[in-house]
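Quick notes on the structure that follows.
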Amino acid sequence: MLGAFVRAFRTPDLRRKLLFSLAIMAIFRAGSFIPTPGVDYGNVQQCVDPIGTGATQDVLSLVNLFSGGSLLQLSVFALGIMPYITASIIVQLLRVVIPRFEALHKEGQSGTAVLTQYTRYLTIGLAILQATTIVTVARTGQLFPDCAVATEVIPNQSIPTLLLMIMTMTAGTGLIMWLGELITERGVGNGMSLLIFTAIAASFPGGVQQIATSNNGIGKVILFLAISALVIVLVVFVEQSQRRIPVQYAKRMVGRRTYGGSSTYIPIKINMSGVIPVIFASSLLALPALAAQFSEDQTTGWVQWIAVNLLDPGATVYLAAYGILIIFFAYFYTSITFNPDEVADNMKRYGGFIPGIRAGRPTAEYLQFVISRITAAGALYLAFVAMIPSIAFKFMEVNQVMAFGGASVLIVVSVGLETVKQIDSQLQQRHYEGFLR
Amino acid sequence: MGALTIVLQVLLVITSFLLIMTILMHKGKGGGLSDMFGGGLSASIGSSGVAERNLNRITVGTAIVWIVVIVLLGLVQRVSL
């Protein structure tokens with residue numbers, strides 16, 4: 001394992017890529033500490049501190065987690081890559097609604113490039129929207145409800161100053177998007193997911209500290225770390241597991257050469273949709289709570305109901321809704337990303353078939369059958385992993401810490417695995433033994 | 001509100017705008033969500049041409065100016081308070 005690390009750094013090409021990725025991640029982290037002009041840095045720090053160490057949990061904590069804690073700091077990178085994630089999800093979902101998007105997707109590489117471009121425009125649009133929301137919330141002092149100097153976070157509340165802040169944050173989001181693309185292009189792994197990884201991993205030390213200080217009891221801390229380790233093992237195990245559907249390719253003669261005649265397999269991962277259902281479910285669940293925050297009268301019936309049932313991650317209603325939404329989105333996203341008809345069509349075109357099943361429609365039906373059964377297991381697993389921490393914390397009577405929630409562990413582990421796999425494949429191009437055996 | 005602050009703020013508006021524009025002019029290499037969390041192994045082979053390289057230089061330059069202006073604005077604010 002360590003030997004592989006040394007070898008990875010001995011390969012000049014790979015070393016350059018690794019160092020490049022690390023440098024970009026460092027820039028990303030550094031930018032999270034530069035306050036947006038117009039924000040009173042001292043007051044923000046005073047307000048952030050109790051949130052960081054205390055038990056206050058609110059809607060923004062998940063979003064704050066994805067931005068590596070820079071949202072509450074109102075830094076230039078306050079929005080993180082949330083706008084990009086949201087934009088990609090929207091573009092993916094629109095493929096079902098808008099025929100042109102589906103046509104572009106089918107077009108292959110050039111079509112995908114156009115779709116990516118749409119995503120980028122949409123990201124900037126969403127960034128403007130979210131920056132406006134955050135600046136508005138911060139201006140009225142609702143960002144830090146329990147803070148004495150909350151309304152002085154932005155001392156100068158003139159319109160030009162606010163516009164300047166929105167503009168800066170939007171440009172910051174654009175810069176993050178570009179940094180991510182740079183990693184994808186010249187570094188190792190997928191840039192966007194690596195940046196999320198950086199943001200979440202950066203909040204781990206704080207999370208451990210928070211647990212250690214707020215729950216006084218070394219036993220609970222150890223128990224908690226043990227649970228986390230167990231979850232990580234489980235996630236690695238399931239993320240790596242896949243069903244292999246055998247595919248036989250018929251021999252073809254093209255000119256004087258023979259092609260095909262090989263037998264391969266279609267790997268179908270148990271959890272094909274990754275962490276997207278979790279991200280989507282939690283951001284959807286945050287919506288009613290957000291609406292409640294903007295309500296004038298905090299004692300109205302529905303606001304109270306939301307505060308009791310949807311704001312507390314340990315509430316039964318919250319857990320049930322969370323689970324159902326995750327399962328729904330797991331199916332939904334799998335059906336979007338994997339199209340059995342398309343796969344069956346491609347196989348038929350290249351003379352491939354699944355032994356015992358006819359090419360064409362029966363193959364598609366068979367694939368659909370396998371996928372829907374495997375996704376059932378995958379969706380249950382996702383819901384389970386996403387909820388273990390909440391349930392465990394509830395029984396242990398420990399304040400829930402977002403940094404160790406199911407979503408963040410899932411993201412960190414799957415991104416880490418993916419990146420290691422990519423480094424691995426680059427190593428193997430030079431006939432070296434990799435990290436994973 | 002000194003003259004320096006106003007100059008810096010104007011500069012910030014210009015660089016922010018330029019930054020967004022130059023970034024949007026790049027060809028997206030993100031690939032979207034599909035290969036974001038454990039997706040396919042799509043090896044992106046893209047050698048950037050001369051135009052792309054110049055665009056990169058412009059973007060990096062703008063980003064540096066942008067950050068410097070923001071830091072300067074913060075310092076000015078800190079000193080004047």
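Owing to the predicted nature of the structure, the values given are computational and were not obtained by experimental measurement. Chain naming here is simple, since letters A, B, ... match the order of the sequence lines and numbering starts at 1 in each.
Neither the backbone nor the side chain of B:L8 has a heavy atom closer than 4.5 Å to any heavy atom of chain A. Residue A:L175 touches chain B through both its backbone and its side chain, counting heavy-atom pairs closer than 4.5 Å. Heavy atoms closer than 4.5 Å to chain A are found in the side chain of B:L73, but not in its backbone. Looking at B:V10, there are no atoms closer than 4.5 Å to chain A (heavy atoms on both sides), in backbone or side chain.
Between chain A and the options B:L19, B:L12, B:L24, heavy-atom pairs under 4.5 Å are most frequent for B:L24. Across A:T168, A:I124, A:T36, A:L115, the residue that shares the most heavy-atom pairs under 4.5 angstrom with chain B is A:T168. Here A:L164 is the residue among A:I34, A:L164, A:T123 with the most heavy-atom pairs under 4.5 Å with chain B.
Remark: B:I20 CD1 to A:R120 CZ distance equals 12.0 Å, nearest 0.5 Å.
Residues passing the side-chain hydrogen bond (donor to acceptor under 3.5 Å, both in side chains) test with B:T59, sequence neighbours excluded: B:H26. By the side-chain hydrogen bond (donor to acceptor under 3.5 Å, both in side chains) test, B:T15 is found to be paired with no residue, residues two or more places apart in sequence or in another chain being considered.
Across all their heavy atoms, B:V13 and A:M167 have their closest contact at O-CE, 3.7 Å.
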